[in-house]
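Just the heavy atoms: all of them, side chains too, but no hydrogens, waters or symmetry mates, feed the values below.
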Amino acid sequence: MENAEYARLLSETADLMEIAAEDGFRIRSYRNAASAIEGYPERVHDILANPERQVTEIPGVGKGLAFVLHEIRERGSFERRDEMLARYPPTALEMLKIQGLGPKSIAAIIEHYRVSTIDGLERLCREQKLRELPRMGAKLEEKVLRSIASYRQSAGRFLLSFTSEVAVEISEYLAALPGVERVEPAGSVRRGKETAGDLDLLVLASDPQPVLDHFVKFPRISEILVKGENKCSAKVGLEGLQVDVRVLPRESYGAAMQYFTGSKVHNVALRTRALKFGLSLNEYGLFRTSDNERVAGETEEEIYGKLGLDWVAPELRENQGEIEAALEHRLPNLLDLKSIRGDLHMHTRETDGRATLEEMAETAIGRGYEYIAITDHSKALAMANGLDEARVVAFANQVRELNKEGRLGIRIFSGLECDIRRDGTMDIEWDALAELDLVIASVHSHMNLESNEMTDRLLKALECPHVRILGHPTGRILLHREGYPYDFERVAAEAAKRGVVFEINASPERLDLHASLIRAAKAKGCRFTIATDAHHPRHLANMPFGVRTARRGWLEDRDVLNTLPSDEFISALRGH
DNA sequence: GCCGTTTTCGGCCCGACTGTTTTCAGTCG
């Protein structure tokens, strides 16, 4: 059992305890332990199995939770969880995902109506029954119905970070088998799309049967859906991600890779083009229609080449002009992860981060960076203990000293993620902002403004001369919340004029800006930074997701300021 | 339930908003 599953059992139980109105501090302990375990570098399972080790060495795990963890290892559950599940059905956990409903409301709904499914909840709203409960009314019924609709839309999809992790795990498992030459993800995961419905893995091997026999023995498989001669589909893990494994011979590996990478619209355009050449393209290869002779199939490059096209990077395969560009040899020279020289958005213990500046710097050095910016929150985020003017100035001085000493071995930029207030003004006085190397302006509150009010707010924020970057510019949370609406073109044009750059937030839950808006902004003359918004040193490893998103937005190295060496970076950021 | 101690019990990020009230509980971040 992996750490993520231990963490999941704890945090699910915490959710149920919240519905049961148990002690809030105890619930927090469960949550803290879950997050500590999830990020712990060693397998909890192994520590539990080792009589010479103590799980209490994990911060946040004391005697009580150590006992719980041992129980999970032995039987996959624990007493309090069983007790909670006897009181509330597991579907109650699903109800917590509906925005506008919290544990108290859910407890009341279950108690009064014995309803604990999303469908049942929807019926209650439609029949206007929710308003009969205390402190609930017509507005809430409407809000819940809207939330249910958006929840259904995102259900069954998974974040790129999650599918990528499973892809690596299963690839390594399969690649260990003799006779397996290559294992690679195809589909939307290979295209770097922010969410995926399933995971396609292609395996290059001459004999499919041993590969599929090995796959079905993968320990985290919960259900085998299909097992044929060349393909096997199974549900993996508690999350139930569907994984399709296809085994292919060398001569059609490229064709299969092309076919299963998609997207569907890109493939349709490609097949249409093939027909014009008297060719036909399928997952086995490119064939001459006249005599069914195979003309390509082993690699993608030869398939695209035979169609008169340059090879198209998977991130671009959305039929958004990439085929025309490939024909005219004007595909972009896409940004490379290796070009990134620094990370520009991260938090420390000063606010809601989990590590110190020194620990973040050390991890950044390990990633080969030349510089980082520390950008804690401003005071409007009181829950995060945001910085006020005095702390901002003190921090700027501290960073000046650190850079002078040079003992950290990496250049630090003093930064701030400054809240944009409802009226578009900055949460920190300008003279304090002036002390910093770099100010990111972000919206964290009042996200449900009308589009024109939000547009004015962002335009006003751009007026502050110290603002250099617009942080997570749409505010979306993938599978959870849409971005706030505003006139993007207008804001992008103004940002370009003022030299304020757009952040591409690499956090897998955000990936904000997303591809289509990146392209729209680039067309307006905007430039970009890519940053992880790390709250923990391990989050610095999320940079590849941001880079892939930038690639989906057709960006090249020169569009992204943190590909520049530190001196050039800071002067480019300041617009000179 | 964890942690840190002034070592065995008290503290644990909290402010803003919303919709429902008639002074505030519940949700969100």
Side-chain angles (χ1 to χ4, degrees), chain A residues 7 9-11 13-37 54-72 78-81 83-84 95-109 111 125 128 130-144 146-147 347-354 376-388 391 417 419-423 427 442-449 471-472 475-477 480-482 484 507 509-510 533 535:
Chain A
L9 291 179
L10 292 183
S11 73
T13 306
D15 285 346
L16 292 171
M17 286 161 66
E18 206 160 17
I19 294 174
E22 293 204 12
D23 174 57
F25 293 116
R26 176 180 289 165
I27 293 167
R28 187 191 294 169
S29 298
Y30 274 68
R31 293 237 164 84
N32 280 345
S35 103
I37 286 169
Q54 295 288 336
V55 269
T56 49
E57 75 186 48
I58 302 170
V61 177
K63 270 188 193 160
L65 283 170
F67 190 78
V68 162
L69 292 174
H70 275 287
E71 203 178 342
I72 294 176
F78 57 100
E79 199 180 331
R80 191 179 285 275
R81 177 168 181 267
E83 192 187 308
M84 287 294 125
M95 292 172 83
L96 273 173
K97 291 181 184 152
I98 303 300
Q99 277 189 300
L101 289 187
K104 294 284 190 304
S105 312
I106 289 168
I109 291 166
E111 177 132 336
C125 291
Q128 310 193 330
L130 222 53
R131 63 183 69 178
E132 290 171 20
L133 292 178
R135 306 197 79 88
M136 298 192 201
K139 285 246 174 89
L140 183 68
E141 285 171 349
E142 279 170 38
K143 181 174 186 175
V144 168
R146 280 198 309 276
S147 306
H347 300 270
T348 70
R349 284 199 187 140
E350 284 296 313
T351 61
D352 59 351
R354 298 293 288 271
D376 271 309
H377 289 290
S378 63
K379 59 181 187 270
L381 254 70
M383 67 161 219
N385 185 28
L387 273 58
D388 59 13
R391 284 170 74 201
E417 184 180 19
D419 238 62
I420 302 173
R421 295 202 198 104
R422 181 177 184 149
D423 63 1
D427 181 39
S442 300
V443 168
H444 289 114
S445 58
H446 305 282
M447 295 190 188
N448 52 355
L449 301 184
H472 43 72
R476 75 169 177 176
I477 303 290
H480 184 65
R481 177 177 85 199
E482 299 286 318
Y484 37 80
S507 165
E509 294 82 24
R510 291 189 182 270
D533 201 351
H535 287 69

Could you give the [atom1]-to-[atom2] distance, from [X] to [N], as a whole number of Å?
X	N	atom1	atom2	result
A:R146	B:dT18	CZ	C1'	12 Å
A:E141	B:dG19	CD	C1'	13 Å
A:Y30	B:dC2	OH	P	8 Å
A:R26	B:dC2	CZ	P	9 Å
A:K379	B:dA16	NZ	P	12 Å

For [N] versus [M], give the span between their [atom1] atoms, rounded off to a whole number of Å.
N	M	atom1	result
B:dG26	B:dT20	P	14 Å
B:dT18	B:dT23	C1'	15 Å
B:dT6	B:dG11	C1'	14 Å
B:dA16	B:dC9	P	36 Å
B:dT7	B:dC14	P	25 Å
B:dC13	B:dT5	P	16 Å
B:dC12	B:dG19	C1'	30 Å

- Straight-line distance of A:I109 CD1 to A:L130 CG, nearest 0.5 Å: 4.5 Å

- Message: Quick check for you: to the nearest 0.5 Å, what is the distance between A:R131 atom CZ and A:K139 atom NZ?
- Response: 12.0 Å

- NA contact type, A:A14, heavy-atom cut-off 4.0 Å: base, sugar-phosphate, or nothing? nothing

- Message: Under a plain distance cut-off of 3.5 Å, with no hydrogens placed, do A:E350 and A:T348 share a side-chain donor-acceptor pair?
- Response: no

- Donor-acceptor side-chain pairing of A:D533 and A:H347 below 3.5 angstrom: yes

- Step through the shown structure and confirm whether more than 12 heavy atoms of other residues, nucleotides or ligands are within 6.0 Å of CZ on A:R354. no

- Any idea which of B:dA16, B:dT20, B:dG1 is nearest the A:K139 side chain? B:dT20

- Task: For nucleotides 6-12 of chain B, just jot down a letter per nucleotide in 5' to 3' order: B, S or -, based on protein non-hydrogen atoms under 4.0 Å.
- Result: ------B

- Item | Heavy-atom protein contacts under 4.0 Å, nucleotides 23-29 of chain B, coded B base, S sugar-phosphate only, - none | -BSSSSB

- Query: Do A:D15 and A:R31 touch side chain to side chain, with heavy atoms closer than 4.5 Å?
  - Reply: yes

- Query: Any side-chain N or O of A:R31 under 4.0 Å from OP1/OP2 of B:dC2?
  - Reply: no

- Short side-chain N/O contact from A:H446 to OP1 or OP2 of B:dA16, under 4.0 Å: no

- What is the pairing partner of B:dC17, taking Watson-Crick or G-U wobble pairs with both distances under 3.5 Å in any strand? B:dG26

- Assigned glycosidic conformation for B:dT18 [threshold 90° from 0]: anti

- Message: Between A:M17 and A:A380, which residue's closest nucleotide on DNA chain B lies nearer the 5′ terminus?
- Response: A:M17

- Note on the structure: Nearest-nucleotide check on DNA chain B, A:L65 vs A:A384; residue mapping nearer the 5' end is A:L65

- Sequence neighbours excluded, the answer for side-chain contact (heavy atoms from CB on, under 4.5 Å) partners of A:S105 is A:L101, A:M136

